[in-house]
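Everything below concerns the one structure shown next.
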There are 2 protein chains.
Amino acid sequence: MLSQHVDTVNMPISTPDTKQVLLRAAVEIAETDGVGAIGLREAARRAGVTHGAPYRHFENQQALVAAVAEQGFRELMAEVQSAQAVAGNDVLARFHALGVAYLRFALGHPGQFRVMFGAEAAAEPAVRSAEAAVFALAVNEIAGAQRQGLIAAGDPQELALLAWSTSHGLAVLMIDGLVQWVGLDTTAPERLAKRITALMFNGLQRGVPAVRSRRPS
Amino acid sequence: MLSQHVDTVNMPISTPDTKQVLLRAAVEIAETDGVGAIGLREAARRAGVTHGAPYRHFENQQALVAAVAEQGFRELMAEVQSAQAVAGNDVLARFHALGVAYLRFALGHPGQFRVMFGAEAAAEPAVRSAEAAVFALAVNEIAGAQRQGLIAAGDPQELALLAWSTSHGLAVLMIDGLVQWVGLDTTAPERLAKRITALMFNGLQRGVPAVRSRRPS
DNA sequence: CCTACCGATCGGTAGG
DNA sequence: CCTACCGATCGGTAGG
């Protein structure tokens, strides 16, 4: 009579390492073929396991995509924070460090960056809160500068939104390859990020503030 | 003996209208299910034709996606330009009109907006040149304001990149749903766009320009 | 523009 | 973690 019980002893055990290998594979897919190509089977293929294995680590495809985004936010936050630590206490230097680190990450991991802010992962709560953390960091930065009296008063959330929008927009447009169509220097993204940050810092106006629209003469 | 020649007379003729219906269907897919779901078969299904029909109008899937992006750029340019026409000659009013129209389009067609600036369509030359046209419009706007002496001197391309980055970043972050995590007023995107534009216009600095970083005391 | 067909990929599950 | 299997979808082509 054959044994009726499942031979759990000879069943391969899910190694914690496999999850990391699968995640790295998924990130690689994002970079090479885009979000649309991220799948449990393709990740398994690149990770060198069979296509049933990923389900031991990720509930479904959406969870894998979300994991790619979350991993990206972790790395982004780490890089941004360490850049700020290096920058010290000078306000403009800190803004420059923020902008440069943000752009550098985006250009270094364009596929993953797109996943982080793409529609596929937007619904994931963990991704939303990671996004909120980035915003919170910007708000803190603004509030600190205000306490030192170094930038204008005003709703720190609004000012932080301006700063983030500028950095994020620049990153997205550069990933998109805009630079190839423009006379600006592509080879020095850091320099461009600093220029844009400085312009944002100074504003576009000339002389007195031009907030109120004047009537046509 | 059966006729050997193809009965071209009884073969349905490709109607020019079908292409438009397919394109509209594809745009709808982008809005409801995202870029990844745009396919010739699904478009055919929604358009009410058989799955072989789309090949009469679009060479392949990529061409359909590109068409969605191109159509989006046409509409965006039209809306932005008409908003500027209404705004008249006041510089700040024109900037506000630009920012508001841009954000309004993005929030009104988030799926299509994502296709316009997504990786899938980025390689398409027609999309790249449409993108360049948006940038050119911004450069023109900046250069005109400079000629009137109403904004700071400087490379108009750099200043235009700042303006576009700000508007684009705001649009992307809002599409992403950032607003739900922030205390800012979601219900009035136009107001928010104007605030951000005004802040960009004035800059963040307080008192004298703080371009040069000072050494820590 | 339609019908019919191909090869390939995918998500997911059962069972060991 | 593996093997085997399911149903579904897709891009694309042949032929009328």
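The analysis underlying the following values was restricted to heavy atoms, covering all of them including side chains, and did not include hydrogens, waters or symmetry mates. All chains are named by letter (A, B, ...) in the order of the sequence lines, taking the proteins before the strands, and each is independently numbered beginning at 1.
- Legend: side chain to side chain donor-acceptor pair (under 3.5 Å) pairs involving residues 106-116 of chain B, not counting sequence neighbours, sorted by first then second residue: Arg114(B)-Asp176(B).
- Taking only side-chain nitrogens and oxygens, Arg45(B) comes nearer than 4.0 Å to OP1 or OP2 of dC10(D).
- The aromatic ring centroids of Phe135(B) and His168(B) lie 6.0 Å or more from each other.
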Validation: residues 75-87 of chain B side-chain donor-acceptor distances under 3.5 Å, sequence neighbours left out:
residue  : atom : partner   : partner atom : Å
Glu75(B) : OE2  : Gln71(B)  : NE2          : 2.7
Ser82(B) : OG   : Glu79(B)  : O            : 3.4
Gln84(B) : NE2  : Glu141(B) : OE1          : 3.3

Check nucleotides 4-8 of chain D for protein N or O atoms closer than 3.5 Å to its own N or O atoms and list the pairs.
residue : atom : partner  : partner atom : Å
dA4(D)  : N6   : His51(A) : NE2          : 3.2

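- The side chain to side chain contact (heavy atoms under 4.5 Å, CB included) check on Ser167(A) picks up Tyr102(A), with sequence neighbours excluded.
- Evaluation of the side chain to side chain contact (heavy atoms under 4.5 Å, CB included) rule for Asn140(B) yields no partner, not counting sequence neighbours.
- Atom-to-atom, CG of Asn60(A) to P of dG12(C) comes out at 5 Å; the value is rounded to the nearest Å.
- In this structure, Phe58(B) has no ring-ring contact (aromatic ring centres under 6.0 Å, His included) partners at least two apart in sequence or on a different chain.
- Out of dG12(D), dG12(C), dC10(D), the shortest distance to the side chain of Tyr55(A) is found at dG12(C).
- Taking atom CZ on Arg56(A) and atom C1' on dA14(C), their separation rounds to 14 Å, with Å as the unit.
- Legend: residues meeting side chain to side chain contact (heavy atoms under 4.5 Å, CB included) with Val100(B), ordered by chain and number and at least two apart, are Arg104(B), Glu190(B), Ala193(B), Lys194(B).
- Checked against ring-ring contact (aromatic ring centres under 6.0 Å, His included), Phe73(A) has the following partners two or more places apart in sequence or in another chain: Phe117(A).
- Where pairing requires Watson-Crick or G-U contacts shorter than 3.5 Å, the helical stems of DNA chain C with at least three consecutive pairs are C:1-16 with D:1-16.
- Checking dC2(C), dG12(C), dC2(D) against the side-chain heavy atoms of Gln61(A) singles out dG12(C) as nearest.
- Scored by the side chain to side chain contact (heavy atoms under 4.5 Å, CB included) test, Arg24(B) finds Gln20(B) as partners (sequence neighbours excluded).
- Distance, Leu64(B) CG to dG11(D) P: 9 Å, rounded to whole Å.
- For Thr50(A), the side-chain atoms get nearest to dT3(D) when compared with the rest of dG12(D), dT3(D), dC2(C).
- Closest heavy-atom contact between Arg128(A) and Ala122(A): CD-O, 2.7 Å.
- Whole-Å rounding puts the Phe58(A) CZ to dT13(C) C1' distance at 19 Å.
- Shown for residues 30-40 of chain B: residues whose heavy atoms fall under 4.0 angstrom of DNA chain D, namely Gly39(B), Leu40(B).
- Listed by first and then second residue, the salt bridge (charged side-chain N to carboxylate O under 4.0 Å, His left out) pairs that reach into residues 27-41 of chain B are Glu28(B)-Arg46(B), Asp33(B)-Arg46(B), sequence neighbours excluded.
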